[in-house]
Amino acid sequence: MFQAFVIQVLVTGGVYALLAVGFSLIFGVARMINLAHTAFFMLAAYGMFFCSLQLGLDPISSIILSIVVTTLIAVASYKVFIDRIREHQVTVLLITIALAMVFQELMLLAFGAHFRAAPTLISGFWEIFGVRVTYQQLLSLGIVLVVLICVWAILLRTKLGIAIRATAQDAEIANLMGINVSRILLITMGIAAALAAISGVVVAPLWVVYPYMWLSPLVMVMAIVVLGGLGSIKGSVIGAFIIALVETLVVFLVPAGAFLKLAFALLAMVIILVVRPEGLFGVIFEEERL
Amino acid sequence: MKKILFLFFTCLLLVALFLPACAAPKEENVIKVGVVGPMQFIQGEHHWAGATMAAEEINDAGGVKIGDQNYTIQLVKVDSDEIRDVAGAASAVERAITVDKVDFLIGGFRTEAVYPMSDVAMDYGKIFLNVGAATAALQARVAEDYDRYKYFFKVTPYNEFFLVTTDFKMLAMVAEILKQDFGITKPRVAIIAEKLEWAEAMVALAQANLPKMGMEVVGVWRPSDTATDVTAELTAIAAKEPHIIFTTFSGPVGITYAKQRGELEIPVVSVGINVEAQKEGFWEATGGKGNYEFVLNTYAKGVAMTDKTVAFFDEFERRTGEFPTYTAATYDALLSMKANIEKAGTLDSDALVPVIEESLFSGTAGMNKYYPLDSPACPPMCPHDIMYGPGYQTGVGTQWQDGELKGVWPKKEYGAVDDFGDWRFEYPGTVLLKIAPEAVEKFKSAPPEVEAPPEAPPPGGLSFEAAEYTNADLGFSMKYPKNWKENKDEEKDPSVFYAADPARVPTIRVMVVEAATFADAVKAGMGASGNSDIKVGTEKEITLADGATKATAAKVNLKTTTGHNGETYALGVKKGDKWIVVAITTVALLVPYDEAEFSEIATTLTFTK
């Protein structure tokens, strides 16, 4: 039972981390709470379903096409709707939630409210210490690791990363130092959306694809990001595993209360915030975030 | 600003004035039928598709003949959007009646929406054929206020009481197969049910009934109805090594569950309710991982419940590319209405009601007949609700077998006779239930069952863990199962104590009644708490558990406050001019009467004075 518990926490935490990192990145750099983040995840999941099952493309082409198109949609949405009002945080909240609902309704119109599935990339399971874990879950865990390494490498080892970090620290000073802040924010939005899209194509085969699939992860991702510290990628990853730990504990210890797992996860977030209002790795002052 | 406001309100006034004039004029020789449903969702799509098929069939055959005139059916799509917006559903129906001038309505899906929608229809005296909302309470309104709700009938599905009865019949078949094929005499069952109101009673009843059916409940898991991941639940279930997973799902979690269960190849038989598994898209949605999912359904491909079923199923599939779900029974609703209108010779609702009440129509899922106004018990047998049982509506158990949804229940060799008829039959086209290879392998490789040593009785020599009720004033006490919950609202004179099992029955009621005889005391006590038709059976003298006190006991049949046929074990001891009566009541439809268990509880009555 204990092995089952540990493995379940690792697998669930990995999936959550993948979703949370992009959300955290865009807040860390643009101070923008993008409520449409999981809607991009939903779009990519539909893209994967549409390309592979309706257009009949192979899985790799479907994945690439879904990620690219979703990222382009996100970047275009940012440029058209958000860029000019990004200083007004409440307006950004309203516009991003409206965007998410527009995407939801578009999917409803295009595909109806039917439940769909994106195809599994690798079918089957692996038994670890007597516990069955699907290959798709292991794949998502592997992708989390690769994506996190890539994000860290970009942020710490490239000029673009330096520009992003400079913008995250102080956009005004970064602008005075010759960094095109608008362009950096656009690129950051693209990276964040691409991360959401990667989550979509990797996680969608594990879940069910339907127009409202973005709502539940949005609450969970926000809890993770707030718990880990807004804008801290490290915090998001650790927050994801804490939330997964709490959820799995609820399912294993109170099976009849399994539906409360999100509520307990939110309760854990509240408790941590009471003790540490900035979150686990959040900063109150404008200092190094990454 | 004032000008803008003035213009705005003027426009509003003009719209309000002219809107009634925009109402569609009533066309000659046309019967307008409002098809009500959430049209963006599969339930509404099937409402519409079923009704369209029926309308085309009727019109192609010359329409509806009233007197010497032929009328054409014209469907009006009434998008209630009730899955997302319950509040707006009633407005959609009102518009259909006042603007589109529909003659009657068919459809509905969510109980919460069918309440207000049918209320609007009743206000206008329009017949509303419910094709989607199961809840018996909707139909109970016909019994409570016939004048208002007489226009409300249910075509499908049968109500939740029959749903759970059928569910247990399917589970019993699985248990019997496990016994016959693998020698598993006491199957272990994991219950997994979404956390929604309708599933509460199902879970409580399963917990109460499964041990009585010779099964062991290893645990209950309650994920959210929209859970996107249940691997944690499945991992925890797998660790308990059950033989059966008993499902209760109506939401998308049903797909997540089936998909992940299949992916993880958990060696079990999965049986129960999973609404998503009734749909053709289920196979695609689970990527084929939902194989062997065994669920209660209305239709199955190739299974002929009547001579109309197969043709209807195939034509529906040809037109829509989907299997018909139960809301597609708008087809039956409309065709039966054609027959009823022709028989009544009018579209007048009041004239049609008695004709519909008497009607018997061979539909696509069985014979359609409605429970009469003098039904013996409502619920479950409420007036104008569709009749349940062999010869009427039974439902069909379906299983996904390699991409095809096959009918596997009822099955002649696993049937029995009950209050509703003889279930030892099967419909043409029914096939054998298949068990997943991983489950077969697991069951065959399991070591032979060893008779478990008898469980140590709980303290006090009782077969149940007990709580105690003490009445210090009258000097007596008694024990009852600890998990039964006391309900003080029921403790009104002459009742001094009342408690009920979480499954709602059995209940225990302790009464202090002034009466000459035991029978009079039982009738007065049970009657005062709202029961009726109380018939006290043969009385017998017994001795209480204290070994000394003599008491009178009898089996009592009655009609409970909820209208069910109740069975009671009653026991009484006379103290002076008063009788101390203990009554343990059940509704056999939900939990069977068990005299040994009930008398064990009742005889714990102990006097200290």
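Side-chain atoms are counted along with the backbone in the values below, which use heavy atoms only and exclude waters and symmetry mates. The structure displayed is predicted, hence computed values, not measured ones. Letters A, B, ... mirror the listed sequences (proteins, then strands); counts begin at 1.
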Engineer: Counting heavy atoms not belonging to B:Lys301, are there more than 12 under 6.0 Å from its NZ?
Structural biologist: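 It does: B:Lys301 NZ has more than 12 such atoms within range.
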
Engineer: Quick check: are there more than 12 heavy atoms from other residues, nucleotides or ligands sitting under 6.0 Å from CD of A:Glu105?
Structural biologist: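 Counting other residues, nucleotides and ligands, CD of A:Glu105 exceeds 12 neighbours.
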
Engineer: Counting only heavy atoms closer than 4.5 Å, note whether A:Gln137 contacts chain B via side chain, backbone, both or neither.
Structural biologist: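 Interface part for A:Gln137: side chain.
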
Engineer: What part of B:Glu322 lies closer than 4.5 angstrom to a heavy atom of chain A: side chain, backbone, both or neither?
Structural biologist: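 Only the side chain of B:Glu322 comes within 4.5 Å of chain A.
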
Engineer: Using heavy atoms and a sub-4.5 Å threshold, report which of residues 211-226 of chain A line up against chain B, by residue number.
Structural biologist: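 The residues closer than 4.5 Å to chain B, in numerical order, are A:Tyr212.
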
Engineer: Got a sec, which residues hit side-chain hydrogen bond (donor to acceptor under 3.5 Å, both in side chains) with B:Arg319, two or more places apart in sequence or on another chain?
Structural biologist: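 B:Arg319 satisfies side-chain hydrogen bond (donor to acceptor under 3.5 Å, both in side chains) with B:Glu56, B:Glu315 once adjacent residues are dropped.
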
Engineer: Please classify the contact of A:Phe49 with chain B as side chain, backbone, both or neither, using a heavy-atom distance under 4.5 Å.
Structural biologist: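 Side chain only.
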
Engineer: If you count heavy-atom pairs under 4.5 Å between each of B:Gly287, B:Ala232, B:Ser224, B:Pro223 and chain A, which one has the most?
Structural biologist: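 Top option by heavy-atom pairs under 4.5 Å: B:Ala232.
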
Engineer: With only heavy atoms counted, which part of B:Gln260 is less than 4.5 Å from chain A, the side chain, the backbone, both or neither?
Structural biologist: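 Interface part for B:Gln260: side chain.
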
Engineer: Non-hydrogen atoms of chain B under 4.5 Å away: do they reach the side chain of A:Leu53, the backbone, both or neither?
Structural biologist: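 Only the side chain of A:Leu53 comes within 4.5 Å of chain B.
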
Engineer: Nearest 0.5 Å, what's the OG1-CD distance between A:Thr134 and B:Glu265?
Structural biologist: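 The distance works out to 11.5 Å.
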
Engineer: Could you give the distance from CD1 (B:Ile266) to CZ (A:Arg132), rounded to the nearest 0.5 Å?
Structural biologist: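 Answer rounded to 0.5 Å: 7.5 Å.
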
Engineer: Checking B:Glu438 now: which residues fulfil salt bridge (charged side-chain N to carboxylate O under 4.0 Å, His left out) with it, not counting sequence neighbours?
Structural biologist: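 Testing B:Glu438 for salt bridge (charged side-chain N to carboxylate O under 4.0 Å, His left out), a comparison that skips the adjacent residues, returns none.
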
Engineer: Using 0.5 Å steps for rounding, measure from the OG1 atom of B:Thr231 to the CZ atom of A:Phe125.
Structural biologist: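 That separation rounds to 14.0 Å.
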
Engineer: Between B:Ile191 and chain A, which part of the residue has a heavy atom less than 4.5 Å away: side chain, backbone, both or neither?
Structural biologist: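 No part of it gets close to chain A.
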
Engineer: Taking the side chain from B:Lys259 and the backbone from A:Val208, do they hold a donor-acceptor pair closer than 3.5 Å?
Structural biologist: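 Side chain of B:Lys259 to backbone of A:Val208, a donor-acceptor pair under 3.5 Å: no, none is there.
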
Engineer: Would you please test B:Glu284 and A:Arg116 for side chain to side chain contact (heavy atoms under 4.5 Å, CB included) and show each step?
Structural biologist: CA-CA 7 Å; B:Glu284 182 194 299; A:Arg116 318 276 189 174; 4.1 Å; yes

Engineer: Are B:Glu45 and A:His114 linked by a side-chain donor-acceptor pair shorter than 3.5 Å?
Structural biologist: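 Yes.
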
Engineer: Quick one: list whatever passes salt bridge (charged side-chain N to carboxylate O under 4.0 Å, His left out) with B:Glu216, sequence neighbours left out.
Structural biologist: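 For B:Glu216, no residue satisfies salt bridge (charged side-chain N to carboxylate O under 4.0 Å, His left out) once neighbours in sequence are set aside.
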
Engineer: Would you mind checking which part of A:Val133 comes under 4.5 Å of any heavy atom in chain B, side chain (CB onward), backbone (N, CA, C, O), both or neither?
Structural biologist: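 Just the backbone, heavy atoms under 4.5 Å.
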
Engineer: Tell me, side chain or backbone of A:Phe115 under 4.5 Å from chain B's heavy atoms, or both, or neither?
Structural biologist: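 Both backbone and side chain.
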
Engineer: If you count heavy-atom pairs under 4.5 Å with chain A, which of B:Glu194, B:Gln40, B:Lys279 comes out on top?
Structural biologist: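 Counting heavy-atom pairs under 4.5 Å, the top option is B:Gln40.
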
